[in-house]
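Right, one structure below, let's go through it.
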Amino acid sequence: MEYSTQMKLKRFFRKPVVTYALLIIQILAFVLMTLDGGSTNVATLVKYGAKFNPYIVLGEWWRLITPMFLHIGFIHLLMNSVILYYLGEQLEGMFGHLRFAGIYLLSGIAGNLASFAFSDALSAGASTALFGLFGSTIMLGQTFKSNPAIQQMAKSFGMLIIINIVFGIFSSSIDMAGHLGGLLGGFLLATAISVPNPLKIWRNKRLIYGGLFLLMVIVLAYIGYLNTAVPLFGL
């Protein structure tokens, strides 16, 4: 009985459980917002933690995290959920559960910081983190050049990145700063924590790219605080 339970647990944890957890969280958040004023309602979005620059300046730093789990309308949720499921199915097994979660969450924060720095619009959505996963596929393509499956995956996602960026240029509703910040953050993070080669040159590369990610976060936060006026009488 004990052996059977252990085998079941092993099989379970081979699955993309972090991806499933992220999907469940964002679906639950969407249901709660729908029942509490609607996911397209500005007041509801602010209440549940959408990126809103004045509140971030006032100390609500968690608004750099919560937007990853909120979506504006059902189509927004559906599109991002499909992309997350598809990416997670492929990448979580490659990086491992903890590294995958770290890349997703930290690159999402980097993307939201880029949005905080360069856009004053209210925003929400998993796109910043999803672009972080896209960035990680670029790293995989550069690292495993002799693996045809990974090369094909990197090329496919590379085309998706280009299409999304081109589409974003012509759509004012898309947070390009957030997308590009997440993309760069994901690439830097994936290089910093996931390069498997133990040689000294790769250890140094990890440190360099990790340092660049940290510098990126600090600079974006500084620009965001510099560009956002502090409300005098609250909001």
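Along the sequence shown, residues carry numbers from 1. This structure is a prediction, so every number in the text was calculated from the model and none was measured.
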**OP:** Verify the cluster assignment for Ile72 and Leu28: are they in a single hydrophobic cluster under the rule of side-chain heavy atoms below 4.5 Å apart?
**Re:** no

Subject >> Ring centers of His179, Phe131 separated by less than 6.0 Å >> reply: yes

Original post:
Would one find more than 12 heavy atoms of other residues, nucleotides or ligands at under 6.0 Å from atom CG of Leu35?
Top reply: yes

Original post:
Between the side chains of Thr19 and Glu89, is a donor N or O closer than 3.5 angstrom to an acceptor N or O?
Top reply: no

**OP:** Spell out, as yes or no, whether a donor-acceptor pair under 3.5 Å connects the side chain of Asn227 to the backbone of Ala117.
**Re:** yes

**OP:** Would you give the length of the straight line joining atom CG of Leu70 to atom NZ of Lys47, rounded to the nearest 0.5 angstrom?
**Re:** 12.5 Å

Subject >> CG (Asp120) with more than 12 external heavy atoms under 6.0 Å >> reply: no

Original post:
When you measure from the side chain of Arg63 to the backbone N and O of Ile56, does any donor-acceptor pair fall under 3.5 Å?
Top reply: no

Original post:
Roughly how far, to the nearest 0.5 Å, is CG of Leu188 from OH of Tyr209?
Top reply: 7.5 Å

**OP:** Output the distance between atom CG (Leu77) and atom CE (Met79), rounded to the nearest 0.5 Å.
**Re:** 11.0 Å

Subject >> Heavy atoms from other residues, nucleotides or ligands near CH2 of Trp62 exceed 12 (cutoff 6.0 Å) >> reply: yes

Original post:
When hydrophobic residues are tied together by side-chain contacts of less than 4.5 Å, even through go-betweens, does Leu214 share a cluster with Ile223?
Top reply: no

Original post:
Do the side chain of Asn53 and the main chain of Ser119 share a donor and acceptor less than 3.5 angstrom apart?
Top reply: yes

Original post:
Does Phe116 have its ring centroid less than 6.0 Å away from the ring centroid of Tyr225?
Top reply: yes

Subject >> Same cluster (ILVMFWY, side-chain, under 4.5 Å), Leu180 and Ile218 >> reply: no

Original post:
Can you tell me if Ser39 uses its side chain to pair, donor with acceptor, with the backbone of Phe30 under 3.5 Å?
Top reply: no

Original post:
Does Ser115 use its side chain to pair, donor to acceptor, with the backbone of Asn112 at less than 3.5 Å?
Top reply: no

